Amino acid sequence: AQALEAGLSPAAIRHAIRPGGPWQHLAPGLYASFTGHLTPRQRLSCALLHAGDEAILSGADAARAHELRYVPEQLRPVVLVPPHVRTSSTPFVTIRRISHLPEPRWLSGLPVAPVERAVIDACLPDSSLFVAGPTLQDVRAIVCESVQRRITTPDRLAAAVSRLRRNGTRLLRVAVADVRAGCWSAPECEFRDLVRASRLLPEPYWNQPLPDLPHLTPDGWWEEARLVIEIDSAEHHQRGLTPEQTQERHAEIVATGWTVLSIGPRRIRRAPAQLLLEVEAAYRVGLARARGYR
């Protein structure tokens, strides 16, 4: 249709799309006016053209447009359309029909879904049987990043997820529950799994200012045991602290009578049982000290 509007005749179009011609066929009625591979931007434009004028880009590509970094890989773009659009998914685009199409944001010249919907569609399994869905670690990473960077809130994500009426949302609901509890990174969420499996440890305060040091916000802490947990992961934090600044931060916490346990994300994943025993032991010692025992 665009070619006809631009003044090309049907005969000229047939000549361009002939076998060996200068255009390549992409989908019914959709062609690229060149040969060779499409760029990522051209693939997104192609997906939106195929889906129609009301289409909105969502999923991983939309999340990247919102400048999120920890985005699960998707084989093909995800495009949202209203229910009356009958366009089907193809090998280069996943079509998702939703009853209430959100108002798009125009980013880099493309209509992009709001960040909450983009995150949701990046975390849902692809409709293709050949694409594995994102892992819980993937889902937690993007959900936590969107909250940590303050481009959405746990409540807004929870509201968006609650409106879904489809299978494949279990991991999303777990990750949203984590950020509503206060976790800001995938490793913190994984450590929360350990805490919740313990018969001793209650839920700590997550990412809340310390009572004695309101200018400091550790990853987690138990006031009754004067125990602070810090998940040492530069990849998952944006504090921008140097090693020296981290040491000074910990020293300030310890000077007010708290114990600091620094935990690496690899230990959470590789030796969870041993790590949990160590944290429980530190919690017991902290309780005993707080009660005046030696």
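Residues take their numbers from the sequence shown, with the count starting at 1. Treat the numbers as computed from the prediction; the structure is a model and nothing was measured.
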Between Q74 (side chain) and A60 (backbone), is there a donor-acceptor pair under 3.5 Å? yes
Can a donor-acceptor pair be found between the side chains of S185 and Q148 at a distance below 3.5 Å? no
Cut-off 3.5 Å, no hydrogens considered: what does the side-chain donor-acceptor table look like for residues 103-115, sequence neighbours left out?
none

Pairing donors with acceptors under 3.5 angstrom, does anything connect the side chains of T94 and R76? yes
Would H215 and E252 count as having a side-chain donor-acceptor pair, cut-off 3.5 Å? yes
Check whether R226 reaches the backbone of T256 with its side chain - one donor and one acceptor, N or O, closer than 3.5 Å. yes
Counting N and O atoms only, with roles assigned by atom type, does the side chain of W222 sit under 3.5 Å from a partner on the main chain of P202, one being a donor and the other an acceptor? yes
Could you verify whether a donor N or O on one side chain and an acceptor N or O on the other, from S262 and E230, lie under 3.5 Å apart? no
Exercise: do D212 and W258 side chains pair donor with acceptor under 3.5 Å: yes
Residues in side-chain contact (heavy atoms from CB on, under 4.5 Å) with A273, at least two apart? none
To the closest 0.5 Å, what do you measure between CH2 (W206) and SG (C183)? 4.5 Å
For the backbone of P83 and the side chain of R86, can you confirm whether one donor and one acceptor N or O come within less than 3.5 Å of each other? yes
So, N207 and E188: side-chain donor and acceptor under 3.5 Å apart, yes or no? yes
Applying ring-ring contact (aromatic ring centres under 6.0 Å, His included) as the test, list every pair that has at least one member in residues 43-66; sequence neighbours left out. H50-F92
Does the salt bridge (Lys or Arg N to Asp or Glu O under 4.0 Å) test come out yes or no for R249 and E244, once each step is laid out? CA-CA 9 Å; R249 167 189 170 93; E244 291 77 12; over 6 Å; no
Nearest 0.5 Å, what's the OG1-CG distance between T87 and L49? 11.0 Å
With R140 as partner, the option from E190, E145, R192 fulfilling side-chain contact (heavy atoms from CB on, under 4.5 Å) is E190
Given 3.5 Å as the limit, does a donor-acceptor pair link the side chain of T153 with the main chain of R156, or not? yes
Between R291 (side chain) and A288 (backbone), is there a donor-acceptor pair under 3.5 Å? no
Applying salt bridge (Lys or Arg N to Asp or Glu O under 4.0 Å) to R97 and E54, what does each step give before you reach the verdict? CA-CA 11 Å; R97 293 178 182 81; E54 298 176 88; over 6 Å; no
Is Q42 reaching over with its side chain to a backbone N or O of T39, donor-acceptor style, under 3.5 angstrom? yes
